[in-house]
Amino acid sequence: MKNLLIISFLLLLGGYGFGQSSYPTIEQYNNSGANKLMFAKDTKEAEQLAKMDIAKGVPFLHLCSGEGAVEVTSDSLFQAWYSVYFYEHGCMCPDKKLVKAYNFIILNYLYQGYEHGFISDMRNDVIGLKGWNRRSDSSHYKLK
């Protein structure tokens with residue numbers, strides 16, 4: 001009986017300990033709209049890139065933290081739970097208007113799936129989060 005209990009415990013522990021997080025492949029990363037955002041001409045194109053990434057199942061939230069990329073311990077948990085990935089630009093950030101337009105679409109997508117539950121789990125330095133959260137009309141939550 002004791003051996004059966006130990007074996008059961010080890011099997012359960014192994015299942016949780018060796019679970020794999022899913023991250024975009026290099027091909028998905030390279031073909032993503034997030035990777036093409038630097039070359040977008042206007043906010044409409046940035047929004048289309050975000051919608052394309054959602055359709056492909058590989059949406060990103062953009063961060064621009066400066067010279068040194070900042071990774072928070074909870075990033076991998078957020079990415080695994082919400083299936084949205086952080087895209088860190090470092091000091092080579094695209095135009096903030098384009099980044100905000102892209103992130104607004106992704107934030108709307110998250111809101112449709114999780115309402116406000118995701119906000120407390122997300123990093124505060126996501127570009128455009130404060131402006132998106134302050135908007136008073138509820139129409140910005142709908143993807144068009």
Find out whether the Lys NZ or Arg CZ of Arg123 is both under 6.0 angstrom from the six-membered ring centre of Phe86 and within 45° of the ring's axis.
yes

Is Phe39 linked to Met92 within one hydrophobic cluster, defined over Ile, Leu, Val, Met, Phe, Trp and Tyr using a side-chain heavy-atom separation of less than 4.5 Å?
yes

Would a single hydrophobic cluster contain both Leu77 and Val126, if residues Ile, Leu, Val, Met, Phe, Trp and Tyr are joined by side-chain heavy-atom contacts under 4.5 Å?
no

Tyr102 vs Asp53, side-chain contact (heavy atoms from CB on, under 4.5 Å): CA-CA, chis, key distance, verdict
CA-CA 10 Å; Tyr102 182 100; Asp53 285 347; 2.4 Å; yes

Distance check, rounded to the nearest 0.5 Å: [X] atom [atom1] versus [Y] atom [atom2]?
| X | Y | atom1 | atom2 | answer |
| --- | --- | --- | --- | --- |
| Met38 | His62 | CE | NE2 | 10.0 Å |
| Ile127 | Trp132 | CD1 | CH2 | 15.5 Å |
| Leu61 | Leu107 | CG | CG | 5.5 Å |
| Leu98 | Lys41 | CG | NZ | 11.5 Å |
| Tyr109 | Ile54 | OH | CD1 | 6.5 Å |
| Asp95 | Thr43 | CG | OG1 | 9.5 Å |

Of all the heavy-atom pairs spanning [X] and [Y], show the shortest one and how long it is.
| X | Y | value |
| --- | --- | --- |
| Phe104 | Gly128 | CE1-O, 3.2 Å |
| Ala40 | Ala46 | CB-N, 4.4 Å |
| Gly117 | Tyr82 | O-OH, 3.7 Å |

Report yes if the distance between the aromatic ring centroids of His89 and Tyr87 is under 6.0 Å, otherwise no.
yes

Check for a donor-acceptor pair, side chain of Asn133 on one end and backbone N or O of Leu129 on the other, with a separation under 3.5 Å.
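Between the backbone of Leu129 and the side chain of Asn133 there is no qualifying donor-acceptor contact (under 3.5 Å).
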
Check the surroundings of atom CG in Asn124: do more than 12 heavy atoms from other residues, nucleotides or ligands lie under 6.0 Å from it?
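No, because the 6.0 Å sphere around CG of Asn124 holds 12 heavy atoms or fewer from other groups.
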
Counting only heavy atoms from other residues, nucleotides and ligands, does the tally under 6.0 Å from NZ of Lys97 exceed 12?
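Not buried by this count: 12 neighbours or fewer within 6.0 Å.
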
Does the side chain of Asn35 reach to within under 4.5 Å of the side chain of Asn31, using non-hydrogen atoms?
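No - every pair of side-chain heavy atoms lies 4.5 Å or more apart.
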
Does the pair Tyr85 and Tyr29 meet the rule for a side-chain contact (heavy atoms from CB on, under 4.5 Å), with working shown?
CA-CA 10 Å; Tyr85 308 98; Tyr29 184 78; over 6 Å; no

Given Ile105 and Lys51, is the side-chain contact (heavy atoms from CB on, under 4.5 Å) satisfied, shown in steps?
CA-CA 7 Å; Ile105 296 296; Lys51 290 176 184 177; 3.9 Å; yes

Would you say Tyr114 and Asp121 are linked by a side-chain donor-acceptor pair, where the criterion is simply a distance under 3.5 Å?
no

How about Cys64 and Cys93 - are their SG atoms less than 2.5 Å from one another?
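A disulfide, yes.
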
